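For reference, the structure is listed below as structure tokens.
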Amino acid sequence: MGSRISGGMLLLTAAVVSGCAEPPPAVDLIIDNVTVIDPVTGSAPGQRVVIEGDRIVAVSTMAEPAPPAATVIDGTGRFLIPGLWDMHVHFLYDEALTAAMPALFLRYGVTSVRDTGGDMARLADLRREIRASGQPAPRIFLSGPLLDGRFVVYDGGDPDRPPLGIDVSAAAVAEQRVAALAAAGADFIKIYELVSPEVFQALVDAARARDLPIAAHVPLTLTADEAGSLVDSMEHLRNVELACAAGWADLLAARRARISGFEEGRGFDLRAELHAGQRLPAIADYDAERCDRVLAALRDTIQVPTLRLNAFDLARPYRRDDWDAALADLPAAVAASWSEAVAAHRADADVDLTFAEWSLFLVGRMQQAGVPIGAGTDTPITQAIPGYSLHTELALLVESGLTPLEALRAATVMPARFFDLEETMGRIAPGMTADLVLLDADPMADIEHTRRIAGVMAAGRWLPSP
């Protein structure tokens, strides 16, 4: 026979080898028989989601064979959505709350946040400390300080105005500011309201040279269609009312004259004066055709309307049955202070709802015009409980005209798009980051069901709801 081996011997050898082979290693976690709600493709019932580390490795029907797993979660009757983002938060706005914010975000299914303004060194230290602690926390993306004009709105000169901003008084300073932020680890920049047109353009150029995404308020010296088309996200819908007014040119000229003549005082007071004097007249002077042209210029710019803030008087969170329990989770000093503010607000019967109603109307118009919408809250400003307030934002987005799936997209896909992370975040598909929220009820039937959280997956850890 020499070196020849019979077919029968080969089969026997293969069988022996096969019998001795070790079973495949177990994956970390499987969620079985769940309805997957992907913000792009929609709902798919009866799915198995396989997770290894912090990645989704497979999404299949239950008919497919399951690998062994260290943990299997029964998703029967439940609904799986991607981890939510809050695109507008400030960790340093109320430092009595800062340490509690990461855990609160996760409790409510918020697995990623954009911090849109604060001291860069302190925020970078905070992020490092959170990561080093090993405690579960959301992914935190930082802009560093609000890049403002010669007069800084949030200059720290008052307890109600913490030092979130920094001056960029001339175009020559813009390059230095952005270079320093990039070197310190900023993930994007945030341009604020009192910059001049020249400084605004210089900041945009400096950020683009470093591939840094740009978030911005519309500067008071520009219109929304001018500024918005140059940045990646616009915040709060602020100053869009001026651009949509029939008499926008006269209003803008008056603003510019007031700002150029302002030589002494606080940036906060200047901004407040201009908003108070022009916002309601601009809304009253709304021109639909003019607004169509403005919105057409914003079709590539994510709008983060923060309806939770703008429409606070329409959707007062303290009227909800779950408000007291949510408030009790805050540090005692913060909860006490907020309770006082809420009591005062309850007693204030003379509230103008014009801007609140306008904000809902405008988001509906933006959605119809194909302008992308992102979900953010301005937490913790105006009693915004971290995480909790994002669900109010989703409900208000639906009230303004988005479908529940579009609202979910605003809190998942759009933030990923801002950071050019669409290939790895914001969806439920193989290869995506396994930031996930398991719900006990269908958010497509009622967006309020995003509050019914059974558990959260963040950074490779499964966190069942308490």
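On a predicted model such as this, the values are computed, not experimentally measured, just so you know.
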Check your understanding: For Phe418 and Phe141, what are the C-alpha separation, side-chain angles and deciding distance, and is it a ring pair (Phe, Tyr, Trp, His ring centres under 6.0 Å)?
Key -> CA-CA 11 Å; Phe418 177 85; Phe141 297 79; 9.2 Å; no
Considering all heavy atoms, the nearest [X]-[Y] contact:
X	Y	answer
Thr61	Arg48	O-NH1, 3.9 Å
Arg299	Ala369	NE-O, 2.8 Å
Gly83	Thr412	O-CG2, 3.6 Å
Arg114	Ser233	NH1-OG, 3.1 Å
Arg316	Asp313	NE-O, 3.4 Å

Should [X] and [Y] count as an ion pair when the cut-off is N to O under 4.0 Å?
X	Y	answer
Arg128	Asp125	yes
Glu393	Arg308	no
Asp329	Arg107	yes
Asp225	Arg290	yes

*Donor + acceptor pair across side chains of Asn239, His217 (<3.5 Å)*: no
Exercise. For the residue pair His275 and Glu193, confirm or rule out a side-chain donor-acceptor distance under 3.5 Å.
Key: yes
Measure from the ring center of [X] to the ring center of [Y] and say whether it is less than 6.0 Å.
X	Y	value
Trp338	Tyr318	no
Phe79	His449	no
Phe361	Tyr286	yes

How many angstroms lie between [atom1] in [X] and [atom2] in [Y], if you round to the nearest 0.5 Å?
X	Y	atom1	atom2	answer
Thr76	Asp74	OG1	CG	3.5 Å
Tyr93	Thr379	OH	OG1	12.0 Å
Asp187	Leu421	CG	CG	9.5 Å
Ile447	Leu396	CD1	CG	11.0 Å
Leu330	Ser339	CG	OG	9.0 Å

Fill in: Test item: Asn310 side-chain N/O and His236 main-chain N/O as donor-acceptor pair under 3.5 Å
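Pair found, side chain donor or acceptor close to backbone of His236.
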Any side-chain heavy atom of [X] sitting closer than 4.5 Å to one from [Y]?
X	Y	answer
Leu164	Val153	no
Thr116	Phe188	yes
Ile453	Val437	yes

Practice prompt. Please lay out, stage by stage, how Tyr388 and Phe105 fare under the test ring pair (Phe, Tyr, Trp, His ring centres under 6.0 Å).
Written response: CA-CA 8 Å; Tyr388 178 96; Phe105 279 124; over 10 Å; no
